[in-house]
Amino acid sequence: MELPKFKIGLRVWKTVFAVAITAAIMKYAFHESPFFACIGAIVAVGRSGKESIRNSMVRNAGTFVGGIIGILMLLVSNNVFWLALGIIPIILLHVEVDLGDSIVPGCIVYFAVVYLMAETGGAHFYALQRIFFTFLGTVIGFLINMLVDPPPMEDFHKKAQ
């Protein structure tokens with residue numbers, strides 16, 4: 001049996017570079033965990049310019065909506081049954097703006113805000129950090145992807161079918 005030959009392509013190296021820059025900024029400039037920002041960086045390094053933009057939008061939209069809805073719901077109540085209703089506006093908003101792929105990341109951020117962080121008392125700050133750090137990671141990943149041997153953009157202006 002022959003072992004597979006792995007080829008490390010440019011996209012892999014761009015992703016590593018984006019993650020390294022993101023992690024360094026998070027650690028040394030913000031003194032925060034780079035975890036969520038690095039996820040954003042990975043998501044933003046797509047095979048095409050269109051994919052990079054779409055993936056970044058999906059990740060940021062989900063994080064933003066989930067975080068904001070989480071903050072708003074906690075202002076009213078921390079009852080687990082009430083908080084379960086928070087996924088309704090997350091789902092409806094993402095479907096309305098044709099970003100259905102953002103529903104899962106939005107709900108994950110929402111659950112982290114209302115069920116994990118609410119007990120520590122830092123849910124509002126956590127939500128705002130998640131939004132900002134995810135955005136930072138996607139911007140860095142996108143910029144690295146577009147500046148270092150940019151992927152094809154010919155499909156960027158075509159409508160999705």
Side-chain angles (χ1 to χ4, degrees), residues 6 8-80 82-91 93-94 97 99-151:
F6 296 101
I8 300 176
L10 182 59
R11 185 163 165 235
V12 172
W13 288 115
K14 289 195 305 185
T15 304
V16 168
F17 188 49
V19 166
I21 290 173
T22 300
I25 290 171
M26 290 301 300
K27 182 173 182 173
Y28 300 116
F30 292 104
H31 307 288
E32 295 286 344
S33 168
F35 183 78
F36 294 110
C38 287
I39 293 171
I42 288 172
V43 165
V45 182
R47 288 183 291 270
S48 69
K50 185 177 182 177
E51 182 180 288
S52 288
I53 291 169
R54 177 78 180 168
N55 290 350
S56 296
M57 285 175 49
V58 164
R59 185 71 189 182
N60 285 310
T63 301
F64 181 80
V65 172
I68 297 300
I69 298 292
I71 290 170
L72 295 174
M73 294 297 283
L74 284 173
L75 290 174
V76 177
S77 173
N78 67 350
N79 176 284
V80 295
W82 165 258
L83 294 175
L85 297 172
I87 66 170
I88 294 171
I90 293 170
I91 294 167
L93 283 169
H94 287 109
V97 297
L99 281 174
D101 293 343
S102 295
I103 293 170
V104 171
C107 288
I108 290 170
V109 171
Y110 176 78
F111 297 145
V113 170
V114 301
Y115 293 133
L116 286 178
M117 299 309 296
E119 295 185 15
T120 68
H124 301 84
F125 184 67
Y126 171 82
L128 295 174
Q129 275 190 319
R130 278 289 296 272
I131 292 166
F132 176 72
F133 294 153
T134 298
F135 179 74
L136 179 67
T138 58
V139 167
I140 292 168
F142 178 77
L143 288 174
I144 296 299
N145 199 31
M146 294 298 119
L147 295 174
V148 178
D149 192 33

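What you see is a predicted model; the values in this text were computed from it and never measured.
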Check whether any side-chain heavy atom of Leu136 sits under 4.5 Å from a side-chain heavy atom of Phe30, and report yes or no. yes
Backbone N/O of Ser33 and side chain of Lys27: donor-acceptor pair under 3.5 Å: no
Indicate yes or no: at least one non-hydrogen side-chain atom of Ile71 is less than 4.5 angstrom from one of Leu128. yes
Run the side chain to side chain contact (heavy atoms under 4.5 Å, CB included) check on Leu83 and Tyr115 step by step: do they pass? CA-CA 8 Å; Leu83 294 175; Tyr115 293 133; 3.8 Å; yes
Supply the atom-to-atom distance Thr134 OG1 to Phe36 CZ, rounded to the nearest 0.5 angstrom. 7.5 Å
Between atom CD1 of Ile21 and atom CD1 of Ile140, what is the distance when rounded to the nearest 0.5 Å? 7.0 Å
Side-chain touch Leu74/Val113, heavy atoms, less than 4.5 angstrom: yes
Side chains of Lys50 and Ile53: closer than 4.5 Å at any heavy-atom pair? no
Electrostatic pair Arg130-Glu32, nearest N-O below 4.0 angstrom: no
Nearest-0.5 Å distance, CZ of residue Phe17 to CG of residue Leu147: 9.5 Å
Side-chain heavy-atom pair Ile39, Arg59 within 4.5 angstrom cut-off: yes
Taking every heavy atom of Ser102 against every heavy atom of Val58, the minimum-distance pair comes out as OG-O, 2.7 Å
So which atom in Gly66 and which in Ile90 form the shortest heavy-atom distance, rounded to 0.1 Å? CA-CD1, 4.1 Å
Between Phe142 and Gly49, the two heavy atoms sitting closest are CE1-O, 4.5 Å
Taking all non-hydrogen atoms of both residues, which atom of Leu75 and which atom of His124 are closest, and how far apart? CD2-NE2, 3.8 Å
Non-neighbouring partners of Asn60 that pass side-chain hydrogen bond (donor to acceptor under 3.5 Å, both in side chains), sequence neighbours left out: Thr138
Counting only heavy atoms not in Phe111, do more than 12 sit closer than 6.0 Å to its CZ atom? yes
Could you check whether any side-chain heavy atom of Arg47 comes within less than 4.5 Å of a side-chain heavy atom of Pro151, counting everything from C-beta outward? no
Check: Ile68 and Ile131 side chains under 4.5 Å, non-hydrogen atoms: yes
Intermediate values then yes/no, side chain to side chain contact (heavy atoms under 4.5 Å, CB included), Asn78 and Val114: CA-CA 7 Å; Asn78 67 350; Val114 301; over 6 Å; no
Within 6.0 angstrom of Phe64 CZ, more than 12 heavy atoms from elsewhere: no
Closest approach of Tyr110 and Gly86, non-hydrogen atoms and distance? OH-CA, 3.2 Å
Smallest separation among heavy atoms of Asn145 and Ala44, with atom names: ND2-O, 3.9 Å
Measuring from atom CG of Leu143 to atom OG1 of Thr22, what distance do you get when rounded to the nearest 0.5 angstrom? 10.0 Å
Does Met146 reach the side chain of Ser52, with side-chain heavy atoms less than 4.5 Å apart? yes
